[in-house]
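Here the structure is laid out as structure tokens; the discussion comes afterwards.
Bear in mind that the values here come from a model prediction, so they are computed numbers and not experimental data. Whatever order the structure lists them in is the order used to number ligands and atoms, beginning at 1.
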Amino acid sequence: MNRVTITRPDDWHLHLRDGAAMASVLPATAARFARAIVMPNLMPPITTTDLAAAYRSRIHAALPPGISFEPLMTLYLTDTTSAGEISKAKRSSVVHGIKFYPRGATTNSASGVTAIENCREALAAMEQHDLPLLVHGEVNDPDVDVFDRESVFIDRVLAPLLLRYPKLRVVLEHLTTADAVEFIEQSRPGVAATITAHHLLLNRNALFSGGLRPHHYCLPVLKREKHRRALLKAATSGNPKFFLGSDSAPHSLQAKESACGCAGVYTAFAGIELYAEVFAAAGALNRLEGFASFFGADFYRLPRNAERITLIDESWQVPRQLPFGNETLAPLRAGGNIGWRLASA
Ligand code: NCD
Ligand code: ZN
């Protein structure tokens with residue numbers, strides 16, 4: 001049996017939700033990852049340091065006893081975020097990034113940014129205080145094909161932004177295209193990207209295999225096989241600009257299996273195992289630790305974790321459904337198998 005022991009990883013892009021739903025999904029992440037960058041797209045969104053600190057306390061209170069896990073909070077950027085709020089966020093030392101959702105681009109982005117030009121004051125403050133900007137990199141223009149939204153965003157919004165703020169540190173979240181990989185590879189220092197397990201595992205055929213597959217629908221939407229291969233190459237390259245961000249985004253079964261199903265794939269239940277499977281299949285298990293445990297911490301200027309975890313090459317069956325507050329959800333690969341499991345500590 002094959003085993004691999006790595007430094008305990010971190011998840012640099014995670015949706016934990018709130019309340020009973022959070023209590024259902026948080027233990028899975030905390031059992032695997034030491035820290036996670038927690039997305040602020042609650043209803044209403046986490047737009048201030050005070051809201052982030054309160055949300056952080058609720059996460060700590062919902063942790064199973066004896067489990068060490070540090071939520072790294074983010075603020076939701078709006079057209080009216082002030083420079084004062086940014087400097088307050090930096091001073092708090094609980095906020096580690098500011099999330100830019102183009103308005104209407106994804107789940108709970110109705111309060112997002114209408115035009116990034118409206119955020120000049122906040123962006124200048126982030127550059128000054130060295131607080132990273134975390135980017136949902138998709139335009140939301142009805143004229144732009146849904147599969148092209150990331151590439152168009154890079155050309156129209158991200159490239160000019162990086163020139164205008166040469167010291168601003170930026171994470172382009174959940175890469176989905178070869179274009180984005182190339183852009184990140186060629187970008188200046190201080191620009192990095194996260195890659196999800198589901199975008200490494202699936203191409204867009206997974207949305208339509210034998211019928212419509214709502215549990216494979218997420219944003220940015222899955223892309224062609226050539227793009228999946230480019231992501232896999234980037235993730236397993238050892239280039240520190242690419243690191244783990246699961247974008248585990250739980251929604252209830254009812255919200256997914258609907259005439260207008262929500263975007264989001266739930267992967268936190270096997271948050272490191274799915275990556276181990278992908279890296280092993282690519283013959284790159286020796287690159288997993290850098291991607292999962294080192295490069296993100298280095299980018300965020302946080303210490304690397306000291307504990308270690310062990311993963312075992314042993315298949316197990318994924319439950320068809322998992323509890324989600326008063327409801328249930330369908331995890332990725334529900335009813336199927338995952339090739340790697342986490343050894344109990
Ligand atoms: C996320 C969610 O459900 O909050 N959904 C998703 O498809 N990834 C939002 C996001 O990260 O875009
Ligand atoms: Zn997300």
Just to check, does His13 reach to within less than 4.0 Å of ligand 1 when the distance is taken from its heavy atoms?
yes
His136 backbone or side-chain N/O/S under 2.8 Å from the Zn ion (ligand 2):
no
Electrostatic pair Asp313-Arg3, nearest N-O below 4.0 angstrom
no
What do you reckon, does Thr106 have a nitrogen or oxygen under 3.5 Å from a nitrogen or oxygen of ligand 1?
yes
Taking the six-membered ring of Phe299 (Phe, Tyr or Trp), confirm whether the NZ or CZ of Arg169 is under 6.0 Å from its centre and within 45° of its axis.
yes
I'd like to know if Glu307 and Arg8 make a salt bridge, using a cut-off of under 4.0 Å between side-chain N and carboxylate O.
yes
Have a look at ligand 1 and work out which part of Asn108, if any, has a heavy atom under 4.0 Å from it: side chain, backbone, both or neither.
neither
Are Asp79 and Thr114 close enough, and set up right, to give a side-chain hydrogen bond (donor to acceptor under 3.5 Å, both in side chains), and what steps lead you there?
CA-CA 7 Å; Asp79 285 353; Thr114 56; 2.5 Å; yes
Less than 4.0 Å is my threshold; does some heavy atom of Arg17 fall inside it relative to ligand 1?
yes
Do the rings of Phe243 and Tyr300 sit parallel, tilted or perpendicular, given the 30° and 60° boundaries?
perpendicular
Gly264 versus ligand 1: do any nitrogen or oxygen atoms come within less than 3.5 Å of each other?
yes
Are Asp130 and Arg301 within salt-bridge range, i.e. N to O under 4.0 Å?
yes
Name of the residue among His251, Glu257, His198 meeting side-chain hydrogen bond (donor to acceptor under 3.5 Å, both in side chains) with His215
Glu257
Are Lys99 and Glu173 close enough for a salt bridge, meaning some N to O gap below 4.0 Å?
no
If I take every N, O or S atom of His13, is at least one of them less than 2.8 Å from the Zn ion (ligand 2)?
yes
Can you label the angle between the Trp316 ring and the Phe269 ring as parallel, tilted or perpendicular, going by 30° and 60°?
perpendicular
With a cut-off of 2.8 Å, does Asp247 put an N/O/S atom close enough to the Zn ion (ligand 2)?
yes
His251 touching ligand 1 at heavy-atom level, < 4.0 angstrom:
yes
Considering distance alone, does some N or O of His15 sit under 3.5 Å from an N or O of ligand 1?
yes
Are a donor atom and an acceptor atom from the side chains of His136 and Glu138 found within less than 3.5 Å of each other?
yes
Consider every N or O of His136 and every N or O of ligand 1, then say whether any pair is closer than 3.5 Å.
yes
For atom 4 (O) of ligand 1, which protein heavy atom lies nearest, and how many Å away is it?
Asn41 ND2, 2.8 Å
Just jot down the ligand 1 atoms closer than 4.0 angstrom to any heavy atom of Ala249, in number order.
1 (C), 2 (C), 3 (O), 5 (N)
Can you check whether Ala263 has an N/O within less than 3.5 Å of an N/O in ligand 1?
yes
For Cys218, the atoms of ligand 1 under 4.0 Å from one of its heavy atoms are 7 (O)
Look at atom 8 (N) of ligand 1 and say which protein heavy atom is nearest, naming residue and atom and giving the distance to 0.1 Å.
Asp247 OD2, 2.7 Å
Leu219 to ligand 1: N or O pair under 3.5 Å?
yes
Using a strict cut-off of less than 4.0 Å between a Lys/Arg side-chain nitrogen and an Asp/Glu carboxylate oxygen, indicate whether Glu314 and Arg341 qualify as a salt bridge.
yes
